[in-house]
Amino acid sequence: MHMSSVESSAAASASPASASPAVVRPRVRFAPSPTGFLHVGGARTALFNWLYARKYDGDFLLRIEDTDRQRSTDDSTRAIFDGLNWLGLDWDEEVVFQGANVARHHADAHRLLATGAAYRDFTPAMEIERLRAEAEARGDAYRFDRAMAELTDAETEAKLAAGEPYAIRFRVPDGTTEWPDLVHGRIAFPNKDIEDFVILRSDGTPVYNMAVVSDDIAMRITLVMRGDDHISNTPKQILLYQALGAAVPQFAHVPMIHGTDGKKLSKRHGATAVGDYQYQGLLPGAMLNFLALLGWSTGDDTEVMSLPELIRRFDTDGLHKKAAVFDTKKLEWMNGQHLLLTPLDELAALVAPAIERAGTGVAADLLARPAWFHGVLELLRVRSRTLDDIVRQASPFLTELVEFEPEAVTKQWRDAAATAELLQATHDCLAALPEWTPATMEEALRALAEARGISGGKIFQPLRVALVGGTVSPGIFEVLEYVGRERSLARLDAAVRFLQG
RNA sequence: GGCGGUAUCGUCUAGGGGACUAGGACACAGCCCUCUCAAGGCUGGAACACGGGUUCGAAUCCCGUUACCGCUACCA
């Protein structure tokens, strides 16, 4: 089973195309470790795989790599499911839990041992640790020395009989291991730089690379698309595929996502869990769109895309090599764009519960008046970037009365007596209107301003404070329309009383 | 240290020998619109890491340097 360099490299580079002359449905997977929440980097890797599967009518599989019992938790597994569900990244077939497959990993490792592709290493782990520490102290790179483990058959039998523990190491052949990476092109590693790595620990548990390859073969994965931090694992894995006599899949190593300081994105950069963004009122479609553009581009200037469009345009050729910095400003802008594209009834279904949670309205009541509610949403979404922005601005349309903000009062109601008189006049003018429409109100109020020899703004601004409590709002006539006649007049009354007393 | 990867405006990117006085987007600044705030429109500042080649010609190809990132475990 030892391969020459020619054989090994040829096998690695030839397999993707030649292994299957017939058209096979692509099978890709997302394989996170359940050691935290769903990270945006993981979400993006999942997205690329998902887009690929959906575009080429393949299967997108989910595998939870829970073999590290120390760090894996059920909460994390749930968080991954939740994150994927929120984003709408649905997987095909049942979830694979890696921990359930250790028997096969174990068997595969022993198969390698039987063929001579791997060998027993009775060296105590402590001893190796010592040698490594020594080498590092000297400033040398440590590499496991195969000769150290070389035993005669008799010696092996004796140790086996004595019940001495051993790890199984893969016998790395001479030559070069290379593959045509879908994003980087040809990548090659001289095998001499790869040490005989452990595939099965002395306690019988499989090591990562063994488990991954065993599972990817069992799941019939045709393309492994993952973060480029796995590039140096790839030659080891290819060697394993070959030794196991399995077809080597294609590989695509996508770049990492960095924080604004250029370092790998971590908690100190702020929110890195997709759940954080869900909580902040982001739309999953916007998140997906933004994530897709970090590490991939269409080739033209298209930026805002719906999910179907993303599927249609996705292509591994558009994948980048360079790490991208996660820019929350652009994410927010992207969300604003998607807010505008979301059908109003969908948006209503999202905003109504959020309003109820904020305590400024009852979801069912809002949804019972779709024409009015959609109108309000139309007004607010153009000046919002998140769902939370909409909720925040919605309160003047929902409550009976509003609180007058001190800064607004200082700014727009400087002269109390004069303002009270003006607001009373405004009130009377509006109250006399036969119908409550923006056009009639605008006509009447502009006429009032002209009669008083002042600009429209001199009326609109104080009126705005009376209606919404602050100095910022949608156009004043739309506000009047959607706040409604009764409440608008009541607020004007309240403002006049406030200024007089 | 060794191995591998990457390198265009502050950020995301287009670009794959001449169409580049390097295009778009976010952010920023100014102007327009205007009842405020947004949205929208217009304008502006802002980049090919450095050094060698190859070529009539290089952001684009090659080599080197530098910087950054990743891996370097009986972690995943």
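Every chain is numbered from 1 and lettered A, B, ... according to where its sequence line falls, protein lines coming before strand lines. These figures come from a predicted structure and were not determined experimentally.
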Do A:Lys330 and B:A25 share a donor-acceptor pair, side chain to base, under 3.5 Å?
yes

With a 3.5 Å cut-off and just heavy-atom distances, do the side chain of A:Ser232 and the base of B:C3 make a donor-acceptor pair?
no

Do A:Arg226 side-chain atoms and A:Ala31 backbone N/O form a donor-acceptor pair below 3.5 Å?
no

Quick one: do the A:Thr386 and A:Asp388 side chains pair a donor with an acceptor below 3.5 Å?
no

For A:Tyr208 and A:Asn233, does a side-chain donor sit closer than 3.5 Å to a side-chain acceptor?
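Not at all, the side chains of A:Tyr208 and A:Asn233 share no donor-acceptor pair under 3.5 Å.
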
So, A:Asp216 and A:Arg63, do they make that salt bridge, N to O below 4.0 Å?
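Salt bridge present between A:Asp216 and A:Arg63.
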
Distance in angstrom units between A:Glu303 CD and B:A14 P, rounded:
11 Å

Does OP1 or OP2 of [N] have a side-chain N or O of [X] closer than 4.0 Å?
| X | N | result |
| --- | --- | --- |
| A:Arg385 | B:A27 | yes |
| A:Ser297 | B:A14 | yes |
| A:His230 | B:C71 | no |
| A:His320 | B:A14 | yes |
| A:Arg143 | B:G2 | no |

Nearest-Å distance once atom P is located in both B:G10 and B:A49:
12 Å

